Amino acid sequence: MLEVSGLRKVYRSQRREVEAIRDLTFTVDDGELVCVVGPSGCGKTTLLRCVAGLLGPTGGAVRLAGNAVTGPPPGMAVVFQEYGRSLFPWLSVHDNVDLPLRQKRVPRPRRAALVSEALTAVGLDGTQQSNPWQLSGGMQQRVAIARAVAYEPSVLLMDEPFAAVDAQTRAELEDLVRALWQRLGVTILFVTHDIDEAVYLGQRVLVLSASPTVVQDELLVDLPAARDQLHTRADARFTALRARVYEQIQAAKGAQPNTAISS
Amino acid sequence: MLRLSGLAGLLGLAELLPRLGLVDDDYLPPASRIVAALAAEARTAAFWTAVGDTLTAWAIGLVIACTLGVAAGVLIGAVPVLRTWTASTIEFLRPIPSVALIPLAVLLYGTGLGSTLLLVVYAAFWQVLVQVLHGVADVDPVAEETARSFRFSAWARVRHVLWPTALPYVFTGLRLAAAVALVLAVTAELVIGAPGLGSVIAVAQSSGAIATMDALIVVTGLLGVAINLGARLAERRLLSWHQSVRGEVAG
Amino acid sequence: MRRMLTALVVLVLAGAAAGCSSSAGPDSSGGVDRVKVGVIPIVDVAPIYLGQQRGFFGSRKIELSMESGQGGAVIVPGVVSGQFQFGFSNLTSLLIAQTKNVPVKAVAAGVASTGQAGKDFGGVAVRGDSPIKDAAGLAGQKIAVNTLKNIGDTTVRESVRKAGGDPATISFVEIPFANMPAAVQNGQVDAAWVVEPSLSQITAAGGRVVAWNYVDAAPELTVAAYFTSTKLAADNPGLVKRFTEAITESLTYAGAHPDEVRAALATYTKIDPKLRETLTLPEWPAQINRASVQALADLGARDGIFGTASPDLTKILP
Amino acid sequence: MIRRFLTVLALPVTLFLFWYVASRTSESFYAPPLRTILVAFGDTWTWPRLRADVLPSLGRLAAGYLLAALLGVGLGIAVGASRRLRAAAEPVLEFFRAVPPPVLVPVIMVFAGIGNAMKVIVIVSGCVWPILLNTVEGVRAVDAVLSDTSRAYGITGFARLRYLLLPGAAPQIITGLRQALSLAIILMVISEMVAASNGLGFTIVQFQRSFAIPQMWSGIIVLGLLGFVLSELFRLGERFALGWYHGRREAQRRS
């Protein structure tokens, strides 16, 4: 179980302090897919970096399976928005997926199996020896997802992973993520600014306020587990949920203007 | 504060090594004696004349090298044919050490300013030229095609597409050239005897005045630090509009 | 486009050539010749600075300016190309130049050995605790000289030869005079042929002189001379004559007034004041000692520094 | 292939012809006709001469350059990865970089004697700076997202160096290495001007001092050729080492 309790993050530079996150508390159960959505600039990425252990919180704590997260914990994988920058351009697709496994000291035959399974699962057979930059943007993001999947994480963090790919690819990748989630039973925390995406993907949606961030609203997505682009999005319930999230975000924007604390 | 700690450490080391007898203080005097020698030098007019001579040679040489380098770079870079045909010659001429040109310099200019300038210009020119060529090669083909589609003239393409792209590279080239020009100015003065800090170093050396020599060496180092700081500042000011000051450092 | 570039290159070269020709030849204005002399800023050239102060040149309508070059490699081309009207060089270099047909000619004596072992301005020095006791002991050792295949190694070999050692066993290494005290002290070389003021620095640190190579090479050895280009000698014999007279007077004056010489050192060197008072001054005779130059030529020929040629003294000496 | 050969050689040949014709009747002692220089070239740079003078030079060049590369990259990564170290070290580095190597020779002699070690250190002392400073910049410029990715996947310690920092900084390290190469040749000549008894720089200086001017010019041509050959070799090596970098640049430009 992933627990975030009283999380606070203040950025300090020489001249001023900026409170990015004021107070965030929520939990994600094992095997759950939770989407975090909020207005732009609301500190979603800061939250994710704190959860991933890439950033130390100013206050509060993040716990994974009861242990406080102080650095990147084992068993957690991250997929970043900037696919072009998160893949090692000097390594082939195969080596990009393989490298984290090698660091985990997974035995060689097991590694080979994991890499090829993961690449097959995201539909990237036959590109193993290519370099990432030879692939399209959507395919590059698939490599990043394959890398995360092959890592066999218990928790998968995704930071606006589809914000920079085209609409059709995006739809495909959304279905891919849901399919993988259902198959692997992994816990997923999915950060996005796209309301439709959040509702379509998640079991639960957390709506964040504008910065300094708190949890504005939390709602259960009571749509059937089998979802598809055509019917789910046309569903009346989907539309209702979507409207509710939209309202909350608008409220969040109005309620709390940006405040910078001068020191 | 931290920035000064490195220099302070160096100073301490330079004081301690000879004091502890790890090196003979006749041949590497402790820092305090070098500083005293520096203070004595700084009170003489000849010292400031020498600094002035060196900086004059540096500045004039740099201006000439940059003008020639930018002109040649844009010309060669903008005309692909020229580029392929000159590549081998540039690679041949570039590594010829400027110190090898000393006899030629003396032949043409004696031990005057001209000799120093020849070596400074030769060394600094390549730094600028190579950077400008890199810069010109970096022009975005899309921007180039956009300019063509709007029927920009050749001059307008150079002015509005090629030049802005190359500018950060040009600045990197200038910064590299500024550092190299100082090294060469002092070297030329040292080896040829043209007036300037280098020739004063040579006189101190042949007179066996080691502390004075070291003090003058320190002055060249400080000049280098100052020039580099100035160049970086200018670059930051003038290129603040550019999202990333790209390119290469050091030389 | 390329033609333009070629034109540019030609233009630059032409500009350079113009700059060269404009400064060639002495400027004469109002009957006063402006003369540049290429000198190495060492003790040896003190008389020309002194002569300038005393007005020996001015009275002969010569306005003198000294251009300090670091060694013959700079001064000879400067004189040949007309950048300098006169230059200062050791005689072995001038002899080498003559065998290579460099168009130069000596016009006056420069500096000479004192001719007295124990009281010369140059010698071969070792560290105080060195096992080397005399010139014969230098055989088989590593000796520093300021320039290879020049006056230093040929005369040091002669010292060893005369003392009964085998000069072929010496290995010479090139180090600037200024670095020799450190090199001797640190044991990087077994001995160093060194001149003032570095010689005094070595002896002050406890070093000993084991051979006086100038003294051994020839009696009253003329070490260096002032020279000009054959072109100037042919085109302006009057100027050369006046310069020779002035420098000769300076040399004689310097020989007679060592205190003024020591004072003059302060004007163009940075030698420590204490050292300036005690270092051994060379001789400044008015005439080049032809016999000693012949001896240098013979030594050089013996060591093979002239290649297959042999120097012709009548062409190089006045 | 033939076309490429032609474009490579056309201008140098033209320039040489120009030099040949322009200097044909030269009577200047220091600028002899190119014909004389070429004759001297053939006579001078025979195999024994190459072995006696060029090989030792190349040995010292290689030793100095490799040492500078190791030192520059090693220190550069340390300095680039630590903000505090960088702040303290930067002024010192800039200071040493600005000191002209020829004036450092006597100081280095005090420590390192007059043998090959001194010459190698002179080469290192001059050409380590572009490598070091470029490495520092290169490490600082390693992509933040990539750096985060590495941390998130537990790529730390040596693996971080091997798979993230070194390749990430490689384009800039190689730029530094290229700049250092031409510097290394200059420094090789400078180091051989003092206390040497063989080597290319030593030989050229000896020619100059003994007024063997055509031979001196032929030595300068050898230096140019040496530089040209080394930079071509470097380019081959760079194509190999930075294949991904050039490929990605091309890909980015096309899209």
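Computed from a prediction, not measured in an experiment: that's the story for all the values here. In the text below, chain A, chain B and the rest are named by the order of the sequence lines, each starting its count at 1.
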Problem - For D:L146 against A:P89, the heavy-atom pair lying closest together - result: CD2-CD, 4.1 Å
Practice task
Please list, chain by chain and in numerical order, all residues satisfying ring-ring contact (aromatic ring centres under 6.0 Å, His included) with A:F190, sequence neighbours excluded.
Solution key: A:F162
Exercise for the section: Between chain A and each of D:G154, D:A159, D:G168, D:A170, count heavy-atom pairs under 4.5 Å; write down the option with the most. Expected result: D:G168
Handout entry: D:F234: partners by ring-ring contact (aromatic ring centres under 6.0 Å, His included), with sequence neighbours left out
Key = none
Fill in the blank from the handout: For A:P72 and D:A152, the nearest pair of non-hydrogen atoms, with its separation, is CB-CA, 3.9 Å
Practice task
Check whether A:L157 gets within reach of chain D through its side chain, its backbone, both or neither, counting any heavy atom under 4.5 Å.
Solution key: neither
Exercise for the section: Answer with side chain, backbone, both or neither: which region of A:A52 has an atom nearer than 4.5 Å to a non-hydrogen atom of chain D? Expected result: neither
Handout entry: Portion of A:F88 that has a non-hydrogen atom of chain D nearer than 4.5 angstrom
Key = both
All donor-acceptor atom pairs under 3.5 Å, backbone and side chain, chain A-chain D:
unit_1, atom_1, unit_2, atom_2, d
A:R49, NH1, D:D148, OD1, 3.4
A:R49, NH1, D:D148, OD2, 2.0
A:G53, O, D:R151, NH2, 3.4
A:L54, O, D:R151, NH1, 3.3
A:V78, O, D:Y153, OH, 3.1
A:R85, O, D:L146, N, 3.4
A:R85, NE, D:D143, OD1, 3.0
A:R85, NE, D:D143, OD2, 2.6
A:R85, NH2, D:D143, OD1, 3.2
A:W90, NE1, D:Y163, O, 2.8
A:R102, NH1, D:Y163, OH, 3.0

Completion exercise
In short, ring-ring contact (aromatic ring centres under 6.0 Å, His included) pairs touching residues 27-59 of chain A with sequence neighbours left out are none
